[in-house]
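Worksheet for the structure shown next.
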Amino acid sequence: MDSVAAAAPAAVRISSAGFMATRNEFFMSSLKVNNSTPFSDKTTTGRGSLKVQKQSDDSVRCNAVLSETYSGSSRSAEVDWDNLGFGLIDTDYMYFMKSQGGSFSKGELRQFGNIEIRPSAGVLNYGQGLFEGLKAYRKQDGNILLFRPEENALRLRNGAERMCMVAPTVEQFVDAVKETVIANERWIPPPVKGSLYIRPLLMGSGSVLTLEPSPEYTFLIYVSPVGNYFKEGLAPINLLIETTVHRASPGGTGGVKSIGNYAPVLKAQLAAKAKGYSDVLYLDCVNKMFLEEVSSCNVFVVKGNVIATPAIKGTILPGITRKSIIDVARDEGFEVEERYVTVDELLNADEVFCTGTAVVVSPVGSVTYLGERVTYGKGSIGSVAEQLYTSLTRIQMGLAEDKMGWVVDLK
């Protein structure tokens, strides 16, 4: 048998003859050594890259470009799944695709590692970049699930239109996510131990000096196994309402997942965390009385059977978890209102919670506003947050019937 890396992921089964398979498997052929890749890695021994091409029979064809030290075996990821936090763990492969003539064509899987980029790239000089976030889950039967990847694709395309960028089609995006997840299958945590966080990036990689759209764009996807986003886990978090720093303004880019939206909130976030708060809740910059977002989450306010959340009006990111929670809540009999929500409503709420891809649902235990702290639920998880968290995560993990048609089964 030809020799390639012993560290090849469990999802990749290779023989010198190769085999044809559906989307859920890989056809490997033409094994050879390739030393021309512009990518490098801290631990390149035992790794390679995979080139993926779609076939007319709706299967996936993978031409593997691997190192010469293959032992014919694969091994599980060496991760302490019981103590998995929300941090970056280097995995095996990342997806790479460049635009050509105003559109994207063929992409490929490459070993995870550094990339080369010119100092004059549009993303470095003018911040022309977007990112997404979604997750893959492992079921009890070993199958792999994605949650609403087409929604991430659509949001990326909407952001690209706002930022004057070329974006992959929805099909290209979803196929790239599937291929990246399958290639890194051994890094997906066991059932209920966590998830595989998927980070697609779209950036202006072409050279520019004047302020103008980049002539070339690069689409990347990398992944990392993750646990809970907040150290509290599902326990209630404590928020500080920020009154002087604002996350977004009308007419800006607050409604898209631009890379430039996030670094500006770090100063307020770090200051709040230094005082013992979990995160910051931002207000609108005009009236300074309406709720907008937490640093990377949408916010919901519960009063009786009514759940209110700030409406999407250009300054708030249209969260996919937010959208899903609204549908689940309405399906379970709650009245959901998307509108302006005041600070006073928040302070007088029965319950408050946040939503996002990373946190899913995070109950709020307290909010501090102008030095006054208001608590909810006496330090326990609110019943509404717990109910919606349970309902949504059971769908995401394949533990409940997916009546909404949200889950994509990869195997």
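Glu293 and Arg322 are not joined by a salt bridge, as no carboxylate oxygen comes within less than 4.0 angstrom of a charged side-chain nitrogen. Salt-bridge annotation for Lys303 and Glu345: absent, with no side-chain N of the basic residue lying under 4.0 Å from a carboxylate O of the acidic one.
In this view, Pro264 satisfies the side-chain contact (heavy atoms from CB on, under 4.5 Å) rule with no residue, not counting sequence neighbours. In terms of the side-chain hydrogen bond (donor to acceptor under 3.5 Å, both in side chains) criterion, residue partners of Thr253 (sequence neighbours excluded) are, by chain and number, Asn261.
A donor-acceptor pair is defined here as one N or O able to donate and one able to accept, closer than 3.5 Å; no such pair exists between the side chain of Asn152 and the backbone of Glu132. Judged purely by atom type and a 3.5 angstrom limit, Ser214 uses its side chain to pair as donor or acceptor with the backbone of Glu216. Under a 3.5 Å cut-off, the side chain of Asn238 and the backbone N or O of Gly365 do not form any donor-acceptor pair. Looking at Glu351, its side chain does come within 3.5 Å of a backbone N or O of Val384 through a donor-acceptor pair. A distance-only check finds a donor-acceptor pair linking the side chain of Lys135 to the backbone of Thr357 [under 3.5 Å]. In this structure, the side chain of Arg157 engages the main chain of Pro168 through a donor-acceptor pair within 3.5 Å. Looking at Glu292, its side chain never comes within 3.5 Å of a backbone N or O of Cys285 through a donor-acceptor pair. Distance alone, capped at 3.5 Å, is enough to place a donor-acceptor pair between the Asp141 side chain and the Asn143 backbone. In terms of modelled atom types and a separation under 3.5 Å, the side chain of Thr309 and the main chain of Val299 share a donor-acceptor contact. Looking only at distances, a side-chain donor or acceptor of Ser224 sits under 3.5 Å from a matching main-chain atom of Gly87.
Applying the side-chain hydrogen bond (donor to acceptor under 3.5 Å, both in side chains) test to pairs two or more places apart or on separate chains, those with a residue in residues 380-389 are Glu332-Gln387.
The two residues Phe86 and Val226 make their nearest non-hydrogen contact at CD1-CB, 3.7 Å. The two residues Asn305 and Gly333 come nearest to each other via the heavy atoms ND2-O, 3.0 Å. Across every non-hydrogen atom of Pro363 and Phe353, the tightest pair is CA-CB, 4.0 Å. Minimum heavy-atom separation, Asn125 to Pro119: ND2-O, 2.9 Å. The two residues Ile237 and Ser278 have their closest heavy-atom pair at CB-OG, 3.5 Å. The two residues Leu240 and Ala272 have their closest heavy-atom pair at CD2-CB, 3.9 Å.
Annotation: the span from Met97 atom CE to Arg110 atom CZ amounts to 12.0 Å, rounded to 0.5 Å. For the atom pair OH (Tyr95) and CG (Leu201), the distance works out to 14.0 Å, reported to the nearest 0.5 Å. The line from OG1 of Thr91 to CZ of Phe112 is 6.0 Å long, rounded to the nearest 0.5 Å. The distance from atom CD of Gln111 to atom CG of Asp92, rounded to the nearest 0.5 Å, is 9.5 Å. The distance from atom CD1 of Ile307 to atom CD1 of Ile325, rounded to the nearest 0.5 Å, is 8.5 Å. The distance from atom CG of Leu281 to atom CD of Glu242, rounded to the nearest 0.5 Å, is 10.0 Å.
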Show the numbers, then the answer: is there a side chain to side chain donor-acceptor pair (under 3.5 Å) between Gln100 and Ser105? CA-CA 7 Å; Gln100 296 177 347; Ser105 55; 3.2 Å; yes
Please step through side chain to side chain contact (heavy atoms under 4.5 Å, CB included) for the pair Val123 and Ile117, ending with a clear verdict. CA-CA 10 Å; Val123 66; Ile117 189 167; 3.7 Å; yes
Is there a side chain to side chain donor-acceptor pair (under 3.5 Å) between Ser120 and Ser207? Walk through the geometry before answering. CA-CA 5 Å; Ser120 51; Ser207 294; 2.7 Å; yes
Hey, mind stepping through Arg148 and Leu134 against side chain to side chain contact (heavy atoms under 4.5 Å, CB included) and telling me if it holds? CA-CA 8 Å; Arg148 310 191 76 174; Leu134 62 159; over 6 Å; no
How far apart are the C-alpha atoms of Tyr217 and Phe104, what are their side-chain angles, what is the distance that settles it, and do they pass the ring-ring contact (aromatic ring centres under 6.0 Å, His included) test? CA-CA 9 Å; Tyr217 296 91; Phe104 286 90; 7.5 Å; no
In sequence, state the C-alpha distance, the side-chain angles, and the governing distance for Leu346 and Val374, and then conclude on side chain to side chain contact (heavy atoms under 4.5 Å, CB included). CA-CA 9 Å; Leu346 173 78; Val374 175; over 6 Å; no
Verdict with supporting geometry, Thr393 and Gln396, side chain to side chain contact (heavy atoms under 4.5 Å, CB included): CA-CA 5 Å; Thr393 54; Gln396 291 175 326; 3.8 Å; yes
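Under a cut-off of 6.0 angstrom, the local environment of CG in Leu209 is sparse, with at most 12 non-hydrogen atoms contributed by other residues, nucleotides or ligands. Remark: Arg118 CZ is loosely packed, at most 12 non-hydrogen atoms of other residues, nucleotides or ligands lying under 6.0 Å away. Environment of CD in Glu212: crowded, with over 12 heavy atoms of neighbouring residues, nucleotides or ligands closer than 6.0 Å. Within 6.0 Å of atom OH in Tyr340, 12 or fewer heavy atoms from other residues, nucleotides or ligands are found, so the atom counts as exposed in its surroundings. In Lys139, the NZ atom is crowded: over 12 heavy atoms of neighbouring residues, nucleotides or ligands sit closer than 6.0 Å.
Counting heavy atoms from C-beta outward, Gln140 and Met397 have side chains that stay 4.5 Å or more apart. For the pair Phe131 and Arg199, the minimum side-chain heavy-atom distance is below 4.5 Å.
Aromatic rings of Phe173 and Phe219 (six-membered ring for Trp) have centroids within the 6.0 Å cut-off, being under it.
Defined by atom type and a distance below 3.5 Å, a donor-acceptor pair is missing between the side-chain atoms of Glu179 and Tyr93.
Checked against Ile198 for a side chain to side chain contact (heavy atoms under 4.5 Å, CB included), the options Thr180, Asn184, Leu146 give a single hit: Leu146.
For the pair Arg247 and Tyr282, the cation-pi criterion (under 6.0 Å, within 45° of the ring axis) is not fulfilled.
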